[in-house]
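In what follows, residues are counted from 1 in the order of the sequence shown. In listed order, ligands and their atoms are each counted from 1.
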Amino acid sequence: MADESSHSKTHTESQIYLSTRGGDYDLSFETVVLKGLAADGGLFLPHEIPTAVDWQDWADLSYEDIALKIFSFYISTSEIPTADLKAIIDRSYSTFRAKEVAPLVHLKDDLYLLELFHGPSYSFKDCALQFLGNLFEYFLTRKNEGKVGKDRHHLTVVGATSGDTGSAAIYGLRGKKDVSVAILHPKGRVSPIQEAQMTACIDANVYNLAVKGTFDDCQDIVKTLFGDPETNKDLKLGAVNSINFSRILAQIVYYFKSYFALAKQSETFKVGDTVRFVVPTGNFGDILAGYFAVRMGLPVDRLVIATNENDILDRFWKTGRYEKHAVPAKEAEGGLEVDGVKAHADGVKETLSPAMDILVSSNFERLLWFLAYEFAATVGMDDEFNKKHAGQEVNAWLRDLKVKGGFGPVYKDVLSSARRTFESERVSDEQTVETMKQFYDAVGYVLDPHTAVGVTAAVRSIERADDGVPHISLSTAHPAKFAGAVELALKDNDKFSFDKVLPEEFVALEKKPRRVADVDNDWKAVRDLVRQQVEKELSS
Ligand SMILES: Cc1ncc(COP(=O)(O)O)c(C=O)c1O
Ligand SMILES: N[C@@H](CCOP(=O)(O)O)C(=O)O
């Protein structure tokens, strides 16, 4: 079942996977989920995105039923029989506080908010990580049937977080058999609640590592560990970041579900009409799921990327160049200080939306592959040739990114193709705070700062879009996770009190014991620490 090459007759093209850099080809879903990152450093993608999708018939289905429809396109029943997949899905979304999983709220006029923070860790990451935790459990139980001791497959999940993936991954994996989870966060650069959510999990299989560096440093360390064959073999690494394709897959669901919710709530919008989605963006995972939904046929006018002042993506859409862009030390030092967090002069700017303080967006590589593939296809060669060409092009772009700090401008046709589906907006801290104030004053809604980046972009998009095109702006985190930014924005409003939005379990968190280890920004130091912890855990 876990065969690396399971290109059998029971699999459709969308159920077998390749690497964006061309090294791996024809892999099964199970292999892709357990490996996380390809051996050549690339990200996994299905050979094709299904287009013959009867999505119009899903209007009355529940979140879980739409998930089952979508996942079945990407996972063969010979890998996970339908009844098992359904059970995994039902278990994954039973932990959400909202019955609809992701409710759609009408903010005003053409603007709707998709609340994605009703899962256990109060961020959108739960929508995928509850599912991934259960998938790991399913595959490992099957692999380890009848095995004992050292013969059991023990997965060591290593993840990088700017705050939300870490807590969601820990909540999805704590206490699970045959899995250890090591989460690297940039020391002092996540919000106090995010830090408490992670470090107050003191289960034996959870290790929190505070890295002296940025989120990008953490992400680089994770990718280096995956690229090291010895570590990979010893520890059997698994990924929870959106490099793991199952993360993208799970996030496709809420694009479809919210589209149907809009058709139910709006008097003018009906199934078949076009909508815009606005997505606060960092690693490009969430919006890439939207791209899959578009390719599967959902009528989307544009996907709007909303970045904070770490704006590598916005600059790509404006110029065709993808370049790391060090914030000059002077400018960085001038940033606002909230929750003890301030701007640093190491390239990434610390903003009021810290989970999006990312210099290089890992899933952009997946979009680049599609853009390169489509460009090759215009020459009219066969599919195999186009895929090979896309892999080579992605390799060349990423080599330049590593060696020269950037690449581009890309060909005009590549950029035009990116602009046909996406638009982008850059939102400053000042604008974020202004939006949080405005929406509290106007409609009494407390936006978290990441969501406010999206809503600011949505307001701008509404002005230029065709009249009446509804906008669904993704609300990616609960405001109480970012007390500093919320207080800063709303402190002058007499009606506001933070206690009104503070979930009880956050209060309880403050009093819980914590466990975290500091570690240098050095992949070997991280490797050694993780190895020691796994050995200790398995011998106790
Ligand atoms: C609250 C919040 N909003 C937005 C994002 C950006 O999402 P993505 O990295 O998928 O682009 C993140 C981090 O991923 C986040 O934690
Ligand atoms: N914003 C994220 C960063 C990691 O992104 P991922 O989607 O690739 O896991 C976080 O909060 O950790």
- Message: Heavy-atom distances under 4.0 Å decide this one: backbone, side chain, both or neither, for Asn283 against ligand 2?
- Response: side chain
- Message: Between Thr307 and Val453, is there a side-chain heavy-atom distance shorter than 4.5 Å?
- Response: no
- Query: Does ligand 2 have an atom under 4.0 Å from some heavy atom of Gly163?
  - Reply: yes
- For Asp164, take its heavy atoms, then give the atoms of ligand 2 lying under 4.0 Å from any of them. 10 (C), 11 (O), 12 (O)
- Query: Of all the atoms in ligand 2, which lie at a distance below 4.0 Å from a heavy atom belonging to Thr161?
  - Reply: 10 (C), 11 (O), 12 (O)
- Task: Give a yes/no on ligand 2: does Lys125 have at least one heavy atom closer than 4.0 angstrom to it?
- Result: yes
- Query: Where do Thr476 and His450 come nearest, in terms of heavy atoms and distance?
  - Reply: OG1-CB, 3.6 Å
- Message: Checking the side chain of Trp397 only, and the main-chain atoms of Gly408 only, is there a donor and an acceptor separated by less than 3.5 Å?
- Response: no
- shortest atom 6 (P) of ligand 2-to-protein heavy-atom contact is with Ser242 OG, 3.4 Å
Using a 3.5 Å cut-off on N/O to N/O, what pairs does ligand 1 make with the protein? A line per pair would be great.
unit_1	atom_1	unit_2	atom_2	d
ligand 1	3 (N)	Thr476	OG1	2.8
ligand 1	9 (O)	Asn283	N	2.7
ligand 1	10 (O)	Gly285	N	3.2
ligand 1	10 (O)	Asp286	N	2.9
ligand 1	11 (O)	Gly282	N	2.7
ligand 1	11 (O)	Asn283	N	3.2
ligand 1	11 (O)	Phe284	N	3.0
ligand 1	14 (O)	Lys125	NZ	2.4
ligand 1	16 (O)	Asp164	OD2	2.6

- Item | Nitrogen or oxygen atoms of Asn363 and ligand 2 under 3.5 Å apart | no
- Hey, does Gly282 sit under 4.0 Å from ligand 2 if you only count heavy atoms? no
- Message: Please report the interatomic distance CG(Asn283) to OG1(Thr165), rounded to the nearest 0.5 Å.
- Response: 7.5 Å
- Query: Do ligand 2 and Ile358 have nitrogen or oxygen atoms that lie under 3.5 Å from each other?
  - Reply: no
- Task: Run down the list Ser361, Ser162, Ser353, Gly285 and name the one with the heavy atom closest to atom 2 (C) of ligand 2.
- Result: Ser162
- Query: Between Asp518 and Lys187, is there a side-chain N and carboxylate O pair less than 4.0 Å apart?
  - Reply: yes
- Would you tell me whether Arg276 and Ser461 have side-chain atoms, one donor and one acceptor, within less than 3.5 Å of each other? yes
- How many angstroms lie between CG in Leu288 and CD1 in Ile248, if you round to the nearest 0.5 Å? 5.0 Å
- Query: Roughly how far, to the nearest 0.5 Å, is CD1 of Ile170 from CG of Asn205?
  - Reply: 9.5 Å
- Query: Is the Tyr122 to Tyr171 ring centre distance short of 6.0 Å?
  - Reply: no
- Query: Hey, is Arg247 one of the residues with a heavy atom under 4.0 angstrom from ligand 2?
  - Reply: yes
- Item | Whether Phe29 and Tyr17 hold their rings parallel, tilted or perpendicular, with breakpoints at 30° and 60° | tilted
- Message: More than 12 heavy atoms of other residues, nucleotides or ligands under 6.0 Å from NZ of Lys212: yes or no?
- Response: yes
- Per-atom filter on ligand 2: closer than 4.0 angstrom to a heavy atom of Phe215 are 3 (C), 4 (C)
- For ligand 2, which atoms sit closer than 4.0 Å to a heavy atom of Thr165? 2 (C), 4 (C), 5 (O), 6 (P), 7 (O), 9 (O), 10 (C), 11 (O), 12 (O)
- To which protein heavy atom is atom 1 (N) of ligand 2 closest, and what is the distance rounded to 0.1 Å? Ala355 O, 2.8 Å
- Full working for salt bridge (charged side-chain N to carboxylate O under 4.0 Å, His left out) between Lys481 and Asp164: CA-CA 9 Å; Lys481 293 189 93 167; Asp164 281 333; 2.7 Å; yes
- Residues two or more places apart in sequence or in another chain: which of them pass salt bridge (charged side-chain N to carboxylate O under 4.0 Å, His left out) with Asp314? Lys318
